[in-house]
Amino acid sequence: MATNDYESVLKMLEEITTNARQIQEQLLGEILSKNAETEYLQGFLHGQTDKQLFKKNVPIVTYDHIKPYIDRIANGKASSDILLVEPLIGFSLSSGTSGGQPKLIPITAESANVTAALGNLHLSLMVKHFGDLSQVGKRMELLFAKPDVETPSGLKASAVTTRAFKESSFQAILPKLYTSPYETIFCPDTKQSTYCQLLFGLIQRDEVVVIGSIFAATVLRGIKFIENNWRELCSNIKTGKISDWITDSGCRKAASLILKPNPKLADLLEDICSCKSWEGIVRKLWPKTKYIGTVCTGAMLQFTAELEFYCGGLPLVSGFYACSEGAIAINIEPLSKPSDVSYTILPNTVYYEFLPIKEDSVTDSLNQVQLNTSRHKDTETVDLVNVKPGQCYEILVTSPTGLYRYRVGDIIKVTGFHNNTPQFQFVGRQNVALGVDMERTSEADILKAVAEAKALLDPLGLILTEYTSYGDTSSTPGHYVIFWEIKPKEGNNNNDNGKELDPKVMEECCSKMEDSLHFTYRMYRKENIIAALEIRVVKQGAFEALLDYFVSNGASLSQYKTPICIKSKEALNILDSRVIAKFFSPRTPIQDN
């Protein structure tokens, strides 16, 4: 990207964030004018396009409310103006791991261009901070495509990432800018795909300048995959022959073009991988890497400590904030630490409204959001430019793709403004919560409690690699169960690590979590309405098995996020069958004075 190109893109960013109010008003006007006669809006607005009437008459909805309309389109009525006038080119298929079943979100040619523009904006910010790395090397990114789902209408549903990978513009730059061949990205077997992408990334190690994937969890899984399979990878490089268990024809074809006998490289990689500690291993394997490009915020924060351990000080860059419903925001300070990242909302992509979220106390609202799903009838929404720093909100979007006052389900905390556009941190998902009685514990509560407790593992030389939770009501009173997967920072990687855990430390971890939870939980514990919190330590690889389960049931590996709370009995069984130790809080949590 030429200097004047990225500078013009960043100038455009300054303009739209300065003129946010006008852009938002114009965008809503265009959406309503174009779609006022659709079946959905006609029922509320009767052909009118007034903003105040829109807010008064059009209801705030979830996906369940509009699903019947989308189903009719998917089932063969795409030509009728049900939700929008503009013709659809397909559907975006959500991963379904954020707290529900996969959703079909309409896509138009215009919305596809908006998504591409977000990528161009992110690239411009990277050029500003790191230079044009496309001129000096390649990206080793773990990329995974899912097969399209064809609906009865003939329109195809696909993950956002899969659709991007199929674009001719991406395929044109793939060989020059990425280490992963097209065939490996579209390999239906995720293990074979992962193996080959990492193998080819190691072969091209001297060209790699960026490492990444959509989410931090995927990058971390890639590093662990090498940790568990480096001998086989080195053997392939030494002999120039791919392992026999790689049976996918596309992967084998790609290997035949890239893989040549290279004993010198194999010996070098063996020396690197056989070291006692894998701290900073990424820098050693790919010495020219400038940064790790992956989302490290929100639910991905749990992976940053271990990722930092492996990456040896490389910047972890969370580039943007997007979802199946639209391109929402960009990180204009990519060198910020993951815990400090604030995203700047893009006012030209969708029309925003914000529902204020009340805090249950004066404590930090980022960690104490209490959700009341019935509050919307009595709460007026706030426009984009009128949100207040320090306040938490739920995001609503009205988009050119037929979503009107639609609850994305994300809770954010406004941290400030860039020009006239708000910046925010992600707090959690609205519909993800634990509860075993009348209390409700949000995703943010769980994230904070785990962060407090896992610090007790540091003196033991242990790292919490992944976790999830569920509310166990099989006995009375019910209690919270937190699944932890733990590994040593270095040295012994024995899966049976339950024997190495100090029971007193683990019990204190349980108590620390309880001390960190909200007032209602602690009060219920004191009154024995809720029983003691339990940590179940699972053997290493348990969360990998959980990933395999979700992927086998249709989740995209590129978009997969470990759920903060487990709802599925099958998923719960996967973890329960791999438990190696159980610990309970030995005391009631500390109460506020």
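Fair warning: this is a prediction, and the values are worked out from it, not measured in the lab. Position 1 is the first residue of the sequence, and the numbers go up from there.
Interatomic distance, T18 OG1 to L13 CG, rounded to the nearest 0.5 Å: 9.0 Å. With values rounded to the nearest 0.5 angstrom, I411 atom CD1 is found 8.0 Å from C392 atom SG. Here the straight-line distance linking atom CG of L546 with atom CG of D548 works out to 9.0 Å at 0.5 Å rounding. To the nearest 0.5 Å, the span separating CD1 on I173 from CD on E167 amounts to 11.5 Å. The structure places CD of E183 at 8.0 Å from SG of C251, a figure rounded to the nearest 0.5 Å. Taking CD1 from I214 and CE from M300, the interatomic distance works out to 11.5 Å, rounded to the nearest 0.5 Å.
The aromatic rings of Y69 and Y40 sit perpendicular, their planes meeting at an angle over 60°, well past the 30° parallel limit. Using a 30° and 60° split on the angle between ring planes, Y195 and W245 fall in the perpendicular class, above 60°.
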- Dump the intermediate steps for salt bridge (Lys or Arg N to Asp or Glu O under 4.0 Å) on E39 and R72, then the final yes or no. CA-CA 12 Å; E39 177 184 327; R72 286 171 56 201; 2.8 Å; yes
- Query: Stepwise, does the side-chain contact (heavy atoms from CB on, under 4.5 Å) test hold for R407 with V61?
  - Reply: CA-CA 6 Å; R407 293 171 59 186; V61 298; over 6 Å; no
- Going through the distances and angles, do K413 and Q391 end up as a side chain to side chain donor-acceptor pair (under 3.5 Å)? CA-CA 6 Å; K413 179 184 179 183; Q391 173 69 50; over 6 Å; no
- Query: Would K103 and E325 count as a salt bridge (Lys or Arg N to Asp or Glu O under 4.0 Å) if you check the C-alpha gap in whole Å, the side-chain angles of each, and the deciding distance to 0.1 Å?
  - Reply: CA-CA 10 Å; K103 298 173 288 189; E325 292 82 1; 2.9 Å; yes
- Message: For a side-chain contact (heavy atoms from CB on, under 4.5 Å) check, start with the C-alpha distance between N19 and N420, then their side-chain angles and the critical distance, and finish with the verdict.
- Response: CA-CA 7 Å; N19 302 313; N420 296 315; over 6 Å; no
- Item | Full working for side chain to side chain donor-acceptor pair (under 3.5 Å) between Y343 and T297 | CA-CA 10 Å; Y343 295 100; T297 55; 2.7 Å; yes
- Query: Could you go step by step and tell me if Y549 and F543 meet the ring-ring contact (aromatic ring centres under 6.0 Å, His included) rule?
  - Reply: CA-CA 10 Å; Y549 164 75; F543 280 84; over 10 Å; no
- Query: Which is it for T247 and Q192 under the side-chain contact (heavy atoms from CB on, under 4.5 Å) test, yes or no, and what are the steps along the way?
  - Reply: CA-CA 8 Å; T247 57; Q192 293 189 50; 3.3 Å; yes
- Query: Between F130 and Y291, is a ring-ring contact (aromatic ring centres under 6.0 Å, His included) present by the stated rule, with each step listed?
  - Reply: CA-CA 9 Å; F130 296 100; Y291 69 90; 4.4 Å; yes
- Trace of the side-chain contact (heavy atoms from CB on, under 4.5 Å) decision for F91 with I70: CA-CA 10 Å; F91 295 97; I70 292 178; 4.0 Å; yes
- Message: Apply side chain to side chain donor-acceptor pair (under 3.5 Å) to residues D410 and Y321 and explain how you reach the verdict.
- Response: CA-CA 11 Å; D410 289 352; Y321 180 93; 2.4 Å; yes
- Message: For Q423 and T344: C-alpha separation, side-chain torsions, deciding distance, then whether side chain to side chain donor-acceptor pair (under 3.5 Å) applies.
- Response: CA-CA 4 Å; Q423 297 177 303; T344 302; 2.9 Å; yes
- For Y467 and F483, what are the C-alpha separation, side-chain angles and deciding distance, and is it a ring-ring contact (aromatic ring centres under 6.0 Å, His included)? CA-CA 5 Å; Y467 69 89; F483 291 97; over 10 Å; no
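Across all non-hydrogen atoms, the minimal contact from T294 to A216 is OG1-N, 2.8 Å. K156 approaches D148 most closely through the heavy-atom pair CD-OD2, 3.7 Å. Of all heavy-atom pairs between L104 and L93, the closest is CD2-CD1, 3.7 Å. Taking all atoms of both residues into account, the shortest heavy-atom contact from F165 to F144 is CE1-O, 3.6 Å. Counting all heavy atoms, side chain and backbone alike, T179 lies closest to G201 at OG1-CA, 4.0 Å. The minimum heavy-atom distance between L396 and T381, with the atom names listed, is CD1-CG2, 3.7 Å.
Side-chain contact between S158 and R163: present, with at least one pair of heavy atoms (C-beta onward) separated by less than 4.5 Å. F320 has its side chain out of reach of L121: every pair of non-hydrogen atoms, C-beta onward, lies at least 4.5 Å apart.
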Sequence neighbours left out, cut at 3.5 Å: what donor-acceptor pairs do the side chains of residues 52-60 make with other protein atoms?
from, atom 1, to, atom 2, distance (Å)
K55, NZ, D383, OD1, 2.4
N57, ND2, F44, O, 3.2

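Side chain to side chain, T421 and T17 fail the donor-acceptor criterion of an N or O pair below 3.5 Å. There is a side-chain donor-acceptor pair under 3.5 Å between E570 and S568. Side-chain contact, H129 with E333: no donor N or O sits under 3.5 Å from an acceptor N or O. For T62 and Y406, the side-chain atoms include no donor-acceptor pair closer than 3.5 Å. Side chain to side chain, Q26 and E30 meet the donor-acceptor criterion of an N or O pair below 3.5 Å. For the residue pair Q197 / T184, no side-chain donor-acceptor distance below 3.5 Å is found, with atom types taken as modelled. A donor-acceptor contact closer than 3.5 angstrom is absent between the side chains of S249 and R252.
Within 6.0 Å of atom NZ in K253, 12 or fewer heavy atoms from other residues, nucleotides or ligands are found, so the atom counts as exposed in its surroundings. At most 12 non-hydrogen atoms from other residues, nucleotides or ligands lie less than 6.0 angstrom from NZ of K128.
For T194 (side chain) and T190 (main-chain N/O), a donor-acceptor pair under 3.5 Å exists by modelled atom type. For T151 (side chain) and N75 (main-chain N/O), no donor-acceptor pair under 3.5 Å exists by modelled atom type. T108 contributes no side-chain N or O that, together with a main-chain N or O of E86, makes up a donor-acceptor pair within less than 3.5 Å.
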